[in-house]
Amino acid sequence: DQQVKQNSPSLSVQEGRISILNCDYTNSMFDYFLWYKKYPAEGPTFLISISSIKDKNEDGRFTVFLNKSAKHLSLHIVPSQPGDSAVYFCAASPSGNTPLVFGKGTRLSVIA
Amino acid sequence: EAQVTQNPRYLITVTGKKLTVTCSQNMNHEYMSWYRQDPGLGLRQIYYSMNVEVTDKGDVPEGYKVSRKEKRNFPLILESPSPNQTSLYFCASSLTRQENGYTFGSGTRLTVV
């Protein structure tokens, strides 16, 4: 039973346009959500997070939006750059010290 | 430099030959974890440890062992590797509060023939 779902395995976007990566979750008790970025032959790196008490968090070109009623979050990258091409993982933190739950990832390709 | 170090980066071994993948972190993190990444399956947790001498099973613990004798090290042990354990493995660490995010190692690509 997947608690965190990334339904799009891949996404292609033109350089300079907006990339929108989506993530759905089933557990309303998650208190933090995070996005990780992974390049080939490297470990995932933390990108941005959002608390469940907020609906938006912005860091430079990256913005995460949280819609608690829909149990949906999205990562917006504006403008997209070729260096953003990577696999993006959505993750959720249950309350307490329970480990993060990861989605299966979405491969983003930014085309020059 | 704050980092998680895994060794080896690449390993080819034969079925049944015991192996250990080491993981070490220099950030004094309480929490450490092992994941495997397989095509179409994303990151699946094998084992995790909230602190020294405390370990728990993740989603796919079968065929693996771990130990946490000291805070900085969290080795992954495959007592009798099988071909279905061919995968890309990642070690991660964090402070106990997860919203700080995990720091991942660079990965170990294991092939069992």
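In what follows, chains are A, B, ... by sequence order, proteins preceding strands, each numbered from 1.
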Checking heavy atoms, do the side chain of B/Gln6, its backbone, both or neither come under 4.5 Å from chain A?
neither
Locate the shortest heavy-atom distance separating A/Phe89 from B/Gln37; write the atom from each residue and the value.
CZ-NE2, 3.7 Å
Can you see which heavy atom on A/Lys38 is nearest to which on B/Leu88, and at what distance?
NZ-CD2, 4.2 Å
Roughly how far, to the nearest 0.5 Å, is OG of B/Ser33 from CG of A/Leu100?
8.5 Å
Considering only heavy atoms, which portion of B/Arg109 lies under 4.5 Å from any heavy atom of chain A: side chain, backbone, both, or neither?
neither
NZ of B/Lys65: more than 12 outside heavy atoms within 6.0 angstrom?
no
If you group Ile, Leu, Val, Met, Phe, Trp and Tyr by side-chain heavy-atom gaps below 4.5 Å, do A/Leu21 and A/Leu34 land in one group?
no
Please say whether more than 12 non-hydrogen atoms of neighbouring residues, nucleotides or ligands are located less than 6.0 Å from CZ in A/Arg17.
no
Should we count CZ of B/Arg44 as having more than 12 external heavy atoms under 6.0 Å?
yes
A/Pro44 versus chain B, heavy atoms under 4.5 Å apart: side chain, backbone, both or neither?
both
Can you see which heavy atom on A/Pro99 is nearest to which on B/Tyr31, and at what distance?
CB-OH, 3.1 Å
Tell me whether the rings of B/Phe104 and A/Phe102 are parallel (<30°), tilted (30 to 60°) or perpendicular (>60°).
perpendicular
Is A/Ile48 reachable from A/Val110 through a run of hydrophobic residues whose side-chain heavy atoms are each under 4.5 Å from the next?
yes
Heavy-atom count around B/Met27 CE within 6.0 Å, excluding the residue itself: above 12?
yes
